[in-house]
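Just so it is clear: chains get the letters A, B, ... in the order the sequence lines come, proteins before strands, and each one is counted from 1.
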There are 2 protein chains.
Amino acid sequence: MALRHAVLAALLDEELSGYQLAKVFDLGVANFWHAQPQQLYAELTRLEQDGLVTGREVVQDTRPNKRLFRVTDAGLAELERFTATAAKPSFIRDDLVVKVQAADHVDTETLIAQLAERSAFAQAKIDLFGGLLHTMRGDHTEEEFLRHGERIGPYLTCLRGLAFEQGNRDWCERTATVLRERQGAHVRH
Amino acid sequence: MALRHAVLAALLDEELSGYQLAKVFDLGVANFWHAQPQQLYAELTRLEQDGLVTGREVVQDTRPNKRLFRVTDAGLAELERFTATAAKPSFIRDDLVVKVQAADHVDTETLIAQLAERSAFAQAKIDLFGGLLHTMRGDHTEEEFLRHGERIGPYLTCLRGLAFEQGNRDWCERTATVLRERQGAHVRH
DNA sequence: CCGCTCATGTAACAGGTTACATGATTTA
DNA sequence: TAAATCATGTAACCTGTTACATGAGCGG
């Protein structure tokens, strides 16, 4: 049951509505978890029932009303308890890698196209994360910020997200190149 | 429904029993997917019903009998069809990263211990993958093998797994160092 | 003799995805 | 005027995890 803890962790630094949370979790700005809006609305309801977050209604006249949530003391305690339990190992679970596993038996063109698409997607996230990191550390160098900054958790997780997407991009590029060269070699012969 | 395709991809190069498949998917030797034994037994049953794999009973007297599965022509066609559909983006979903997101609010000692544990786990997989890659390419260099080898799919996915675990290890080490130094600084003051 | 490996499954439950539903406002 | 954004939810469905069950042989 880690979604609830991911939500709690996301709400530590700012008060957010379900909708805002959904953007964070859906567009992958959250490098530490991913979830559908529907999951989040449901989880927020449960978290409030369990007293781990509190919501306050914000009336808006130009937009629909919204509820902003923040973590309670009980929520913080729950996060603390969660942190103390052993972490499960994390695994890759990726459609595209499955397809590459079958590379010797399926159409190469399609694979190369999908690798290129994924690479571009990864690059977009790399750029996004670069900007986020810069915003978080302000005028300081990374070393300075990590040594003396106040809220470094989000920065550290963003670094993980950045490295992950760089790994993604590099592997896609390399794999596409390999497949392209083999294709060329086969045609020539 | 990518588990079935992961199973098909895993069975392309060798005939395996449910039990053997489970080891591949469970111990994480499969860098492209992860699944529980129970999922695999169920999926193999379904795949056989759908005619995408065929099983043959192998009678053993010293061990329980087993069923070895291989991909049928229909199975290959299904993989081909799957490869042609757009790949979903892949996301990090990691307990430990959630905990680091909350680093500024929870106990640091526990976090450092878990980062060290994860780092060691990642290193073990790096060593394992290094050996697997060496076995696959034999006496050739990586470049040679990728240019002229026959079955490069598993090699390419193993490279992805390797890079993923290296990213994991490096981030864990860096994060643990950052947290340790801050801890020291706080104690000194 | 205890625990591990081989070998396969059922059943209950928890977690995640997709489709459907609503409705006002802002932007192209 | 069509599409995107803001804002929240229900319900059905598919996927994944955990617990339970069985039973023989092998190694320490």
K.L.:
How close or far is atom C1' of dT17(C) from atom CG of D26(A), stated in whole angstroms?
P.N.:
12 Å
K.L.:
Any salt bridge linking R137(A) with E144(A)? Criterion: basic side-chain nitrogen under 4.0 Å from a carboxylate oxygen.
P.N.:
no
K.L.:
Extract from the structure each pairing of a protein N or O with an N or O of nucleotides 12-16 of chain D at less than 3.5 Å, listing the distance.
P.N.:
unit_1	atom_1	unit_2	atom_2	d
dG16(D)	OP2	Q39(B)	NE2	2.9
dG16(D)	O5'	Q39(B)	NE2	3.4

K.L.:
Would you mind reading off the distance between R56(A) atom CZ and dA7(D) atom C1', rounded to a whole angstrom?
P.N.:
16 Å
K.L.:
Mind checking whether H34(B) and F25(B) have ring centres under 6.0 Å apart?
P.N.:
no
K.L.:
Without decimals, in angstroms, what is the distance between L40(A) CG and dA7(D) P?
P.N.:
15 Å
K.L.:
Would the number of heavy atoms belonging to other residues, nucleotides or ligands and lying under 6.0 Å from CD of Q123(A) be above 12?
P.N.:
yes
K.L.:
Can you give one letter per nucleotide of nucleotides 6-13 of chain C, 5' to 3': B if a protein heavy atom sits under 4.0 Å from the base, S if only from the sugar-phosphate, - if neither?
P.N.:
BBBBB---
K.L.:
I need the full list of ring-ring contact (aromatic ring centres under 6.0 Å, His included) pairs touching residues 131-153 of chain A, with sequence neighbours left out, sorted by first then second residue.
P.N.:
F145(A)-Y155(A)
K.L.:
Check this for me, if you would: do D94(A) and R118(A) make a salt bridge, where the nitrogen-to-carboxylate-oxygen distance has to be below 4.0 angstrom?
P.N.:
yes
K.L.:
Applying side chain to side chain contact (heavy atoms under 4.5 Å, CB included), can you list everything that pairs with A77(A), at least two apart in sequence or on another chain?
P.N.:
none
K.L.:
May I ask you to say whether E143(B) pairs ionically with R147(B), meaning some side-chain N is under 4.0 Å from a carboxylate O?
P.N.:
yes
K.L.:
In plain terms, say whether E142(B) and R174(A) are close enough for a salt bridge, that is, a side-chain N and a carboxylate O under 4.0 Å apart.
P.N.:
yes
K.L.:
Compute the angle between the rotation axes at the two ends of the helix from dC1(C)-dG28(D) to dA28(C)-dT1(D), each taken over five pairs, rounded to 10 degrees.
P.N.:
50°
K.L.:
Rounded to the nearest angstrom, tell me the gap between atom NE2 in H34(B) and atom C1' in dT17(D).
P.N.:
10 Å
K.L.:
List the atom pairs, donor and acceptor, that lie under 3.5 Å between side-chain atoms in residues 61-71 of chain A and the rest of the protein, sequence neighbours left out.
P.N.:
unit_1	atom_1	unit_2	atom_2	d
N65(A)	OD1	Q60(A)	N	2.9
R67(A)	NH1	E48(A)	OE1	3.1
R67(A)	NH2	E48(A)	OE2	2.9

K.L.:
Evaluate whether atom CD of Q20(B) has more than 12 neighbouring non-hydrogen atoms of other residues, nucleotides or ligands under 6.0 angstrom away.
P.N.:
yes
